[in-house]
Number of protein chains: 2
Amino acid sequence: MKAVGESSIRRLSLYLRFLDAEDARGRRTISSEALAALAGTTSAQVRKDLSQFGSFGIRGTGYDLPALRGRLREILGLERERRVVIVGAGKIGAALAQYPGFGDRGFRVVGVYDADPAKIGSRWGSVRVQSPTKLAADVKRLDAQIAVLAVPAGVAQTMLELLARAGVRAVLNFAPIPLAAPRGVIVQSVNMAQELEALSYALAHAPPTPVRRRRGRD
Amino acid sequence: MKAVGESSIRRLSLYLRFLDAEDARGRRTISSEALAALAGTTSAQVRKDLSQFGSFGIRGTGYDLPALRGRLREILGLERERRVVIVGAGKIGAALAQYPGFGDRGFRVVGVYDADPAKIGSRWGSVRVQSPTKLAADVKRLDAQIAVLAVPAGVAQTMLELLARAGVRAVLNFAPIPLAAPRGVIVQSVNMAQELEALSYALAHAPPTPVRRRRGRD
DNA sequence: CTCTGTGAACATCTTCACAGCT
DNA sequence: AGCTGTGAAGATGTTCACAGAG
């Protein structure tokens, strides 16, 4: 299998969401055109994305919806439950912990950590906030593969390294700085400051009359 | 001025963060190499990004730090305060409202709206949660240009249209679906489900031994 | 001699357009 | 006839490598 683009993967995740919805309402088949309309892209894009993983469409008809749905879940690795630890028990951590897209897709929060003694011990759903000193042991014991890093920028790199040593394999970072990924750890960052400033730039440079913008769809 | 790439803008925002920090510690000049190291990119990339807006570097020396900083603030439209309304008073809205990168960069929250009667009237910093029926009048009165859309997927498009009619010019969307941007409105989306599933994909496909990943930096 | 600014090469992503399966 | 799968073209983004300013 040749290298699959990052952007294709992001779209697969989106396609899956719509396949779930269409499947729920009983649709059995869907064309690249129809799926593209839902996901806000083009039919060619949908076909290219899917064809990277084989050809499971039916010419003249479209894609078998339940089959495609199953295949995407498999491709995205959503068939198995992923255990997640949240590091940083602030508002962002809280928002993610209760985000429906989290639990719905098999991501289970098994631990929450924060260095603030005032927060340690408080309940977050079914888990209690712990000290980060517990991380190393917990990650191993609970077999957590994913960590959400929602700590201040100044301690993010240190925490990332701690997580890496503990055995975490993938990290979703919300600290607004670039992190150097330790060997063997996949780091994905979400930087809200950047998003906001991209909007500010667009406002400053497109002002009097309209213009469009993207990321996800237009 | 020729079209500037989306990705350049995102990096400018990052560069500015580090320029702020270096300026604070008294540095007066910085080379593309040094800035690249901080921002996790290459010197060529830094120079390409900056050269799109003119040539304000000094050959043999680097860039005048305060000057560059001022120029970036100007380019990103951060010299003027931006008034922001938050639609959806859930956890995500709350996380953003208290996010330091928000206030620090001149984004001021002037209103919070939620359809849930139980939330209406509660205090969020200096503002009270209002009904979305107040949006149209408030956006005009407060001259809000940016909205943060943190509502459930099902009502996001409707709210976006309401915001557009109210006169909002830019929207940062957290609902996990693509939105059709009304004419004259810039929509930027952050989809955490996609980020998470991209990690899941990477875990499923890079497992036994290491591999890297990106977005913001590796 | 250092470090910028930039054309040219390269790589990646998107769109087009059509051959060929059903 | 309808719709997929895919090469080829086009667009966008990144890296290289060097001429030339300071």
Side-chain angles (χ1 to χ4, degrees), chain A residues 1-15 19 27-65 67-68 71-72 75 178 194 198 201 212-218, chain B residues 1-15 19 27-65 67-68 71-72 178 194 198 212-218:
Chain A
M1 188 177 293
K2 66 282 331 234
V4 177
E6 163 85 14
S7 29
S8 280
I9 300 304
R10 299 271 264 278
R11 280 188 301 267
L12 293 188
S13 158
L14 200 56
Y15 300 158
L19 292 178
R27 203 211 265 240
R28 305 286 325 180
T29 218
I30 192 166
S31 68
S32 59
E33 188 62 45
L35 184 50
L38 291 170
T41 183
T42 66
S43 61
Q45 184 77 82
V46 169
R47 294 196 302 275
K48 258 266 156 38
D49 287 339
L50 299 180
S51 72
Q52 292 174 99
F53 299 94
S55 49
F56 25 84
I58 308 148
R59 295 177 189 226
T61 306
Y63 297 85
D64 179 86
L65 202 154
L68 180 57
R71 192 77 183 78
L72 290 191
I75 290 166
Q194 279 183 328
Y201 171 84
R212 277 317 204 329
R213 233 356 206 327
R214 42 182 47 255
R215 171 105 148 74
R217 198 247 219 252
D218 71 1
Chain B
M1 187 179 293
K2 67 277 336 222
V4 177
E6 163 86 11
S7 29
S8 281
I9 300 305
R10 299 271 263 278
R11 280 188 301 266
L12 293 188
S13 159
L14 201 55
Y15 300 157
L19 293 178
R27 202 209 266 241
R28 306 284 325 177
T29 217
I30 192 165
S31 68
S32 58
E33 189 63 45
L35 185 49
L38 291 169
T41 181
T42 66
S43 62
Q45 183 79 82
V46 168
R47 294 197 302 275
K48 259 263 154 48
D49 287 340
L50 298 180
S51 72
Q52 292 176 98
F53 298 95
S55 49
F56 25 86
I58 306 148
R59 294 175 188 226
T61 306
Y63 297 85
D64 180 85
L65 202 154
L68 181 56
R71 191 76 184 82
L72 290 190
Q194 279 182 328
R212 278 317 201 331
R213 235 354 207 330
R214 39 185 44 255
R215 167 97 148 82
R217 196 245 219 257
D218 73 359

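Throughout, a chain's letter reflects where its sequence line sits, starting with A, and its residues are numbered from 1.
- Between dT14(C), dT4(D), dC16(D), one nucleotide has an atom nearer to the side chain of Q45(A) than all others, and that is dT14(C).
- What separates CZ of R10(B) from P of dG13(D) is a distance of 11 Å, to the nearest Å.
- The shortest distance between the side-chain N/O atoms of T61(A) and the OP1/OP2 oxygens of dT22(C) is not below 4.0 Å.
- Taking every side-chain heavy atom of R47(B) into account, dC18(D) is the closest of dG5(D), dT15(C), dC18(D).
- Listed pair Y63(B) / dG22(D) fails the phosphate criterion, with no side-chain N or O lying under 4.0 Å from OP1 or OP2.
- Note that CD1 of I9(B) is 11.0 Å distant from CD of Q194(A), once rounded to the nearest 0.5 Å.
- For K48(B) against dT15(D), a side-chain N or O and a base N or O form a donor-acceptor pair under 3.5 Å.
- Each of I58(A) and S7(A) was assigned the nucleotide of DNA chain C with the nearest heavy atom; the assignment lying further toward the 5' end belongs to S7(A).
- Taking atom CZ of residue F56(A) and atom P of nucleotide dT4(D), one finds them 12 Å apart after rounding to whole Å.
- Distance alone, capped at 3.5 Å, is enough to place a donor-acceptor pair between the T29(A) side chain and the Y63(A) backbone.
- There is a side-chain donor-acceptor pair under 3.5 Å between S43(B) and R47(B).
- Scanning all heavy atoms of the two residues, the minimum distance from T42(A) to A36(A) falls at C-CB, 3.4 Å.
- Here the nucleotide nearest the side chain of S51(B), chosen from dT14(D), dG5(D), dG5(C), is dG5(C).
- Closest to the R11(B) side chain, of the nucleotides dT14(C), dC13(C), dT14(D), is dT14(D).
- Atom CD in E6(B) sits about 11 Å away from atom P in dT14(D), given to the nearest Å.
- Rounded to whole Å, the distance from CG on D49(B) to C1' on dT14(D) is 10 Å.
- R10(A) approaches A198(B) most closely through the heavy-atom pair CD-CB, 4.4 Å.
- Rounded to an integer number of Å, the gap from CG of L68(A) to P of dC3(D) is 16 Å.
- One donor-acceptor pair, N or O on each side, does fall under 3.5 Å between the base of dT4(D) and the side chain of R59(A).
- Distances shorter than 4.0 Å separate none of the side-chain N or O atoms of S31(B) from OP1 or OP2 on dC3(C).
- For the OP1/OP2 pair of dC3(C) and a distance below 4.0 Å, the side-chain nitrogens and oxygens of S32(B) include no atom meeting the criterion.
- Distance CD1 (I9(B)) to C1' (dT12(D)): 14 Å, rounded to an integer number of Å.
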